[in-house]
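A short worksheet on the structure shown next.
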Amino acid sequence: MATWKNLDTLSSYKKLSGLKNHVDIAAAMSGEQGGERVKNYSTPMAAGLQYNYAAKEVDETVLAALAELAGEAQLIDKFKELYNGAVINTGENRMVLHHLARTQLGNPVVVDGVDKREFYVAQQKKAADFANKVHAGEIVNEAGEKFTTVVQIGIGGSDLGPRALYIALENWAKANNTFKMEAKFISNVDPDDAAAVLASVDLAHALFIVVSKSGTTLETLTNEAFVKDALTKAGLNPSKHMLAVTSETSPLAKSDEYLTAIFMDDYIGGRYSSVSGVGGAILSLAFGPEVFAELLDGAAAEDKLATNRDLLKNPDMLDALIGVYERNVQGYPSTAVLPYSQALSRFPAHLQQCDMESNGKSVNRFGEPVDYVTGPVIFGEPGTNGQHSFYQLLHQGTDIVPLQFIGFKNSQLGVDVDIENSTSQQKLCANVAAQIVAFACGKEDENLNKNFKGKRPSSIIVGDKLTPASLGALLAHFENKIMFQGFVWNLNSFDQEGVQLGKILAKRVLAHDTDGALKVFSDMLNI
Ligand SMILES: O=P(O)(O)OC[C@H]1O[C@](O)(CO)[C@@H](O)[C@@H]1O
């Protein structure tokens, strides 16, 4: 059994702390040696991706210290315990099994006589069968016509991941003739969200997936009622247009007002659930079950790499540990995720939840305060758009923000033009290469307003093309990175008590049970 210790009690961490500002990346990335670094500081990921960390502030000494930390913190042993069914989510007394939704990494995990891998596969099959029947016109609307659009109603993990993945594959599916149905999403309790989406769909031919693991989330239940109201007013029977994805113990599971219900369970956290029915139902309906299966295979292959004890052959653990070095030794407060791919436009939003809801904690897994910083602020936008927005601060601001670039050699649609001797795809890629070197090396200028200090670390994940498999690998990479960082910080990365207080106070406001500031704000907002 692995032992769980606070980071600041580990001798390898003390050693690592002595390596603050050990590497000058401006020097290391300049000239011929910079080129050598780019060639050498790279490790393969699944689905043909590469994790390149040449522009990170590491060298053989820092990497050796990180490997020692990985060993002393028993990161691989903890990962093994996790996928073999240990109660890793101490706050909620639950196992953490999202890896089993894509592969069997260790021993079978059996709960109350049910093999969990078999359960997740059976639910994926249920979603696949439902999707195939919709596509074949075997499940149709009351007029006997095919459904043409699918709308997901959910929030947080029941929205962000599936939405990011749908957007990521929409063009790929169109280019590869696997696009079946347009998907839309309703998440916010702001009535303008549901109203705008409903106004944009042909209700008679729309299917709605209500996704809520708990079946109690205010926003989702409100939006479900909003949609039912619209269907009824249009003379349609809501139960002929809706299905649910939920846990077997949730109130939604007891309802017979759905075409079908696809189940998940308490061992897959909302922000890790896009590989379960939460993502499986909508992605199978939109693109076909085979595309979702390819995504799961990409994730499974990345998970396999994450079991490697050799730090330099484990891109997920390496990325995690470099992040710990940046956060705890270098003292950087945030991290930007910058995909040079329009298809990944919502991927940073998904990672915001995944990372910050997991590791935004001040107490360890035993509920005791920790004396070191934990999860960074995560934000991001696709390049090159971000370059014309917040990169000013990234290049010349007073904080150093570590960067995680993602780039692909080829576009998804393959439709391009050659203008001034380069294609748009080449211009996109030229920009990401330029940014890495500009951030690392900077440029001196006597005019300080035009001076670039450089020394701003970045990594890049490079792929051939964004496909279902490479998207699955990317998703798993970041999930595993977050998991390893939570292990290093001795956190429980799998609960989210920090979201509760606001929910309780909002209920009080709606019940008019307020005083003091809450009452004045309630009056100000006309509640
Ligand atoms: O799927 P549910 O149970 O509706 O929860 C939605 C989201 O709400 C949260 O619990 C936070 O409020 C997230 O962790 C979760 O992804």
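Note that the coordinates shown come from a computational prediction; the quantities given were computed from them, not determined experimentally. For reference, positions follow the sequence shown, starting with 1. Both counts, for ligands and for their atoms, begin at 1 and track the order of listing.
Summarising the local packing, NZ of Lys126 is surrounded by more than 12 heavy atoms from other residues, nucleotides or ligands at distances under 6.0 Å.
For Thr216, the side-chain contact (heavy atoms from CB on, under 4.5 Å) criterion is met by Ser214, Pro251, not counting sequence neighbours.
Pocket lining of ligand 1, defined as residues with a non-hydrogen atom under 4.0 Å away: Ile155, Gly156, Gly157, Ser158, Ser212, Lys213, Ser214, Thr217, Gly270, Gln353, Glu357, Gln496, Val499, Lys503.
Ring centers of Phe79 and Phe484: under 6.0 Å apart, within the cut-off.
Between Lys116 and Asp265 there is a salt bridge, with a side-chain nitrogen of the basic residue lying less than 4.0 Å from a carboxylate oxygen of the acidic one. Under 4.0 Å is where a charged nitrogen must lie from a carboxylate oxygen, and between Glu219 and Lys503 no such pair does. Salt bridge Lys361/Asp495: present, at least one basic N to carboxylate O contact under 4.0 Å.
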